[in-house]
Number of protein chains: 2
Amino acid sequence: MTKQRQKILQVIKSTKSHPTADWIYQQVRETMPNISLGTVYRNLGILKEKGEIIELNYGSSYSRYDGNPHPHYHFKCTKCERVFDLDIPVSHQLQNEVMNREGHLVTEHRLEFYGICKDCRN
Amino acid sequence: MTKQRQKILQVIKSTKSHPTADWIYQQVRETMPNISLGTVYRNLGILKEKGEIIELNYGSSYSRYDGNPHPHYHFKCTKCERVFDLDIPVSHQLQNEVMNREGHLVTEHRLEFYGICKDCRN
DNA sequence: CTAACTGCAAACGTTTTGCATTAAT
DNA sequence: ATTAATGCAAAACGTTTGCAGTTAG
């Protein structure tokens, strides 16, 4: 576990903003000016493999990263583009429904809501 | 509505395979050899705006397109990469739950299941 | 000592764009 | 006639990779 990887993990874990790779890169660069974007991507991949973070890539050309690897749902504001965590319960029941109805083996599901967030409504 | 757009729409509407832009391009090219990939992308954008098709971009670097604009859920096989339509009912109730709990205005939601499909299990 | 990781820069695959030409209404 | 759409090619975008040098265990 290199200094770079530690710092990247720390940056992701200490925000709820579901940042992009580039945002993470900029953050890390403030204390490690020589880090490269390639290293950031490589480590994001490794941390994802390890299950320490989650990659989100709903409805846009770039990925966002979530330092909370626990299953949970998201809401994305189509105006300010921010992604919010939701604390509605994760339904394991839905997966069973799909398994029973369709015969596929379901191991995971993702649920994302879209609309205008609390702040942008006003 | 140009011949190109008509053909593109027809190709998407007549498959359940949730094809990529390039697959659509190859299909259209069989009858219109001079069509360009740029035209395919431009028309996919327009058809999406009009609500005639849906763009899917869960968990991969390229988008897929769905000729069924009705709200419905999907299952993606992580082995063969195919995307299946599901006919479990779309829950409007879920959106209300998020609205009431969080105060966001929810206009849409997307639900995607992952696992090993019926065919790949054997 | 060795295996894993780094920074750099070039390459990649998908999508978008500018532009001069052509087709649709 | 006017506006919209096309084909082509180049550019843009986020991401990945090869490589030679460096660091961690």
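Protein chains get the first letters and strands the later ones, always in sequence-line order, with residue 1 at the start of each.
In this structure, A:Ser61 does not reach the D:dC13 phosphate: none of its side-chain N or O atoms is under 4.0 Å from OP1 or OP2. For B:Arg5, a side-chain nitrogen or oxygen approaches OP1 or OP2 of D:dA5 to under 4.0 Å. The shortest distance between the side-chain N/O atoms of A:Thr2 and the OP1/OP2 oxygens of C:dT6 is below 4.0 Å. Using a 4.0 Å cut-off, some side-chain N or O of A:Ser63 falls inside it from OP1 or OP2 of D:dT15. Distances shown here put a side-chain N or O of B:Gln4 below 4.0 Å from the OP1 or OP2 atom of D:dG7. Between A:Asn57 and D:dT15, a side-chain N or O to OP1/OP2 separation shorter than 4.0 Å is absent.
Rounding to the nearest 0.5 angstrom, the gap separating the CZ atom in A:Arg5 from the CG atom in A:Asn43 is 4.5 Å.
Comparing D:dA24, C:dG7, D:dG14 against the side chain of A:Ile35 picks out C:dG7 as the nearest. Ranking C:dT14, D:dG7, D:dT15 by closeness to the B:Ser36 side chain, first place goes to D:dG7. Comparing C:dT15, D:dG14, C:dG7 by their closest approach to the side chain of B:Tyr41 singles out C:dT15. For B:Arg42, whose side chain is taken as the heavy atoms from C-beta onward, the closest listed nucleotide among D:dC19, C:dT15, C:dC19 is C:dC19.
Whole-Å rounding puts the B:Asp22 CG to C:dC12 P distance at 17 Å. Between the CD1 atom of B:Ile8 and the C1' atom of D:dG7 there is a distance of 13 Å, given to the nearest Å. C:dT6 atom C1' lies 16 Å from atom CZ of A:Arg29, rounded to whole Å. Straight-line distance from the OH atom of B:Tyr25 to the P atom of C:dT15: 14 Å, rounded to whole Å. We find that CG of B:Leu37 is positioned 14 Å from P of C:dT17, with the value rounded to whole Å. Computed from coordinates, the A:Lys7 NZ to D:dT23 P distance equals 19 Å when rounded to whole Å. Taking atom CG of residue B:Leu44 and atom P of nucleotide D:dA5, one finds them 14 Å apart after rounding to whole Å. Following rounding to the nearest Å, A:Lys3 (NZ) and C:dT6 (P) show an atom-to-atom distance of 10 Å.
Residue B:Tyr62 is classed as a sugar-phosphate contact, given heavy-atom separations below 4.0 Å to backbone atoms only. Here B:Asn43 lies in heavy-atom contact (under 4.0 Å) with sugar-phosphate atoms only.
Here B:Phe84 and A:His104 bring their ring centres to under 6.0 angstrom of each other. Between A:Tyr58 and B:Tyr58, the ring center distance clears the sub-6.0 Å criterion.
Within a 6.0 Å sphere centred on CD of A:Gln93, other residues, nucleotides and ligands contribute more than 12 heavy atoms.
Remark on DNA chain C: of its neighbouring residues A:Ile46 and B:Gly38, the 5'-side contact belongs to A:Ile46, judged by nearest-heavy-atom nucleotide.
The minimum heavy-atom distance linking B:Lys13 with B:Gly67 is given by the pair NZ-O, 2.9 Å.
The aromatic rings of B:His18 and B:His74 sit perpendicular, their planes meeting at an angle over 60°, well past the 30° parallel limit.
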